[in-house]
Engineer: 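First the structure, then my questions, so here it is.
Here is the naming used below: chain letters follow the sequence lines, and residue numbers restart at 1 for every chain. In this text the structure is predicted, and so the values were computed from the model without any measurement.
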Amino acid sequence: MAAALEISGLRKSYKGFALKDVSFAVPEGSIMGLVGPNGAGKTTIVKLILNLVRRQAGAIKVFGLDNLADEKAVKNRIGFVHETPALVEDVPLRDIASVVAPFYPCWNPALFQAMLREFELPAGKKFKALSHGMKMKFSLALALSHDADLLILDEPTSGLDPVFRRELLDRLAGVIQDGRKAVLFSTHVTSDLERTADYVTLLLDGEVVLSAPRDDIRDKWAVVKGGPELLDPVRCPLFRAVRESPYGVEALTGDIPASRAAFPSAVFDRASIEDIMVFLHSGASHD
Amino acid sequence: MDCALEIKDLSKSYSPSGRLTRPAPDSAGSGGGFHLNEVSFSLPRGYIMGLIGPNGAGKTTIIKLILNLIRRDGGEIRVLGLDNIAGEMEIKSRLGFVHDTPFFYEHLTLADVRKTVAPFYRDWDDACFRRLAEEFELPLGKRFKTLSRGMKMKFALAAALSHKAELLILDEPTSGLDPVFRRELLRKLSAFIQDEGKSVLFSTHITSDLERIADFITFIRGGRIVFSSPRDRILGAWVVVKGGPELLAAENRPLFKGIRQSACGVHALTAEADEARRRFGREAIVETATLEDIMFFMSKGNGHA
Amino acid sequence: MIKLFRKDFILHKKFVLGVGLVYPLYIGYMGSRIGRTTLLPVLCAFLYVIVPFVLFGREDKFKAETFTLSLPVTRREYLRARFLLSWILMLLMFAAGSLLMAVVPGAKLPAATVFGPRMVLSSLAFIAVYFGLLMPLFVRFGQAGLLVFLVVLQVTGVLLMVFRSSVGIGLIKTLFRLVPNAVAEIQAAFGPAPAVFAVLSLLALFSYGSFSLSLALFRRKEY
């Protein structure tokens, strides 16, 4: 399967933060969810793809094209929504659209108009008069109106109510129906991923700790609950993280069959993406 | 019943032009104006209540009315047994609040913010604040504006907890926070109500958080209460029925609170789980509804009208 | 290119129209009260150069560049459009301002002087120098860089004045005369027509240098 987005060995360091050899790929026809605690590097990756910050090493390929060498061709095929949509504020939406349209050869005015109607966005309203949710909707309408093949959205659902969140996710699922387009979106609301994402990439502290099909994660990862026997140093390496509490020991495993064989009496609960994140994060900070 | 918060027939309306506090909401009532329409609910002491609803439903308005930041048009609010306006001083020293965006003086250091806030509270416990500051790893020497959103939330929470608040009111405390942080915050809230009948009211868009810790859920839409009941009663009673077009038969319609049709079939929401299982148990799938399902099906355009 | 101009014109429509109408009036009137041919280009060129920066500063203020640079556009194109748009704006204002200076009743300088080669060339030279110096600073440090530069300039000037240091005054005069003197010398050396060509080539070269430096800085800039 061809990759819509392929990131390999990506590095970027700031004071007190570094992306360390980040690699993952988003196949055509799929939705990839990017999760991780604040400061894990999600926004930096999005900005690196759009050439808003400079990479120090690695490669980013969008439909096989390098994002720097073929910057315009690449950006032509990308629809983006930033975390905080900022535009010149005191301008009506219709003017912003007429600014953006000439940049894209495939701009579809009819589609854009239809989307404004659907999102109940009045074209004459100024950008600054919109609520956060409406700004998001407007950015989304811009991103969807030029027939982009790769949608990149940084926290598009943050601060949105569940109703609109679900509508947005349904729409993303619709975009990839043709099997050729792809979506990369970052989020803090992990239940969004469980609903929509085909692939999940988990970032911790600038490193990819997990990048896999969501169904694989569901099948392989579990929270193991039991007594002190889970702390046995010989069998312990099966676990990615262990947490002790007054009520017992909980551990995270990415290999259910082996763990079951080692601890037949323990209780195995399916691990949600949030569970995995919380376990790995607290495990990392105790090192 | 001893109530931490009791709201009766609360009304407030904004004219389309005269909105004071917020930009136009996404889905306010009709014609751009906004009405809070005889809202009543109560929160018993010692429990956590979650307030949910689409943007512009009136959640922030209710919280502002409780804190007497805006004037109510009608109705009554009793906090810890006292009227919230007549007993304003008493009440405010006994409740803690965290707003959607914490707006302390941004350029001060945390230590200075503490100094300005503490004298307002009779029961300020500095030892407790220092203990929390350490536990939350708050950098007291840093300026408020340099903190991350999560840190700001933690500071506001530490300040609220340090004056022995009996009721915590939080407006979207988890919005924009990552799951690791959110879980920690929710654990702290659960711990908070463990002792001596303290209570929490918080609004949120992340309904999975409520499924984790809330005892009561109040769902508000277009300025009206849709329901306000114990969580377990809601999660047990509401189900989504997934089936074919036969669900749309006229005699079934009154049962459904919301219907969604797509190419894959018909999905419908009902609050009568037993009746739904009896009627459709054989030919359709009946699944427990999440809070998100409930909100989604009952949003505009999805009604059975 | 056109689409980038269009962007600025649409986003800053009111500003451009307002400034375009009022500002030359103001400069024209003020300029007509000044009779000193050395002071006039120094002052007016500076007032023209400010305008594009105020325009770009608006985009900076709204943090809108993250959005604009995510559109299919390279940084070279973006910066080139800014340079060209700035020059178009400055030249238009220069033309309108000079015209007004000459025709306002009671103007101190005759039209022949205002539109004389010496005046036009030194004004253009000052515009090119100011703009060429400020653009890299603005690209690297944003509005803050611009402000710091201006404040440092002012403070230095005031200090030199206060201490009435003859060396200081002399220095300022030399600095500001550098440009017109150079223009005059070129004129003397080459004769009138080739001088115009020589001065313009020099300015173009200087501007190109400024553009290259700005582009190098802009490419390193992160949003």
Engineer: Tell me, for C:Lys14 versus chain A, whether the close heavy atoms (under 4.5 Å) come from the side chain, the backbone, both or neither.
Structural biologist: side chain
Engineer: For the NE2 atom of C:His12 and the CG atom of A:Asp90, what is their distance to the nearest 0.5 Å?
Structural biologist: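 Those atoms lie 9.0 Å apart.
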Engineer: Just checking A:Tyr14: does its OH atom have more than 12 heavy atoms from other residues, nucleotides or ligands closer to it than 6.0 angstrom?
Structural biologist: yes
Engineer: Rounded to the nearest 0.5 Å, what's the gap from CZ on A:Phe103 to OG1 on C:Thr68? Could you check?
Structural biologist: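 With rounding to 0.5 Å, CZ (A:Phe103) is 7.5 Å from OG1 (C:Thr68).
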Engineer: Is a side-chain donor or acceptor of C:Lys3 paired with a backbone partner of A:Tyr104 at a separation under 3.5 angstrom?
Structural biologist: no
Engineer: Less than 4.5 Å apart, any side-chain heavy atom of A:Glu71 and any of C:Glu77?
Structural biologist: no
Engineer: Answer with side chain, backbone, both or neither: which region of A:Leu142 has an atom nearer than 4.5 Å to a non-hydrogen atom of chain C?
Structural biologist: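 A:Leu142 touches chain C through side-chain heavy atoms alone.
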Engineer: Donor-acceptor check, side chain of A:Lys72 to backbone of C:Thr74, threshold 3.5 angstrom: yes or no?
Structural biologist: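 Answer holds: no.
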Engineer: So do A:Val99 and C:Phe67 actually touch side chain to side chain, heavy atoms under 4.5 Å?
Structural biologist: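 A side-chain contact under 4.5 Å is absent here.
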Engineer: Quick check on A:Glu6: does its CD atom have over 12 non-hydrogen neighbours (other residues, nucleotides or ligands) under 6.0 Å away?
Structural biologist: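 Atom CD in A:Glu6 is not packed in, count stays at 12 or less.
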Engineer: Rounded to the nearest 0.5 Å, what separation is found between the CD1 atom of A:Ile96 and the CG atom of C:Leu11?
Structural biologist: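 Result: 7.0 Å between the selected atoms.
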Engineer: Answer yes or no: are there more than 12 heavy-atom neighbours, outside C:Arg220 itself, under 6.0 Å from its atom CZ?
Structural biologist: no
Engineer: Does CZ belonging to A:Phe17 count more than 12 external heavy atoms closer than 6.0 Å?
Structural biologist: yes
Engineer: In Å and rounded to the nearest 0.5 Å, what is the CG to CD distance from A:Asn51 to C:Glu222?
Structural biologist: 9.5 Å
Engineer: Taking the side chain as C-beta and beyond, is there a heavy-atom pair between A:Ser98 and C:Arg6 under 4.5 Å?
Structural biologist: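 Sidechains of C:Arg6 and A:Ser98: in contact.
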Engineer: Which heavy-atom pair separates A:Lys75 from C:Val73 by the least distance, and what is that distance?
Structural biologist: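 Scanning both residues, the minimum pair turns out to be NZ-O, 3.4 Å.
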Engineer: Please classify the contact of A:Phe127 with chain C as side chain, backbone, both or neither, using a heavy-atom distance under 4.5 Å.
Structural biologist: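 It is neither, since no heavy atom gets under 4.5 Å.
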Engineer: Using a 4.5 Å cut-off on heavy atoms from C-beta on, say whether the side chain of C:Leu71 contacts that of A:His146.
Structural biologist: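 The answer is no, as the side chains (C-beta and beyond) never meet within the 4.5 Å cut-off.
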Engineer: Looking at C:Phe206, I want to see if its CZ is surrounded by more than 12 non-hydrogen atoms of other residues, nucleotides or ligands under 6.0 Å.
Structural biologist: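 Yes, enclosed.
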Engineer: Does A:Asn108, at its CG atom, have more than 12 non-hydrogen atoms belonging to other residues, nucleotides or ligands within less than 6.0 Å?
Structural biologist: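 For A:Asn108, atom CG is crowded (more than 12 foreign heavy atoms under 6.0 Å).
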Engineer: Can you establish whether the number of heavy atoms outside C:Phe197 located under 6.0 Å from its atom CZ is more than 12?
Structural biologist: no
Engineer: For atom CZ of C:Arg58, decide whether the heavy atoms of other residues, nucleotides or ligands shown that lie under 6.0 angstrom number more than 12.
Structural biologist: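 Above 12, so yes.
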Engineer: Would you indicate whether the side-chain heavy atoms of A:His82 and C:Tyr223 approach each other to under 4.5 Å?
Structural biologist: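 The answer is no, as the side chains (C-beta and beyond) never meet within the 4.5 Å cut-off.
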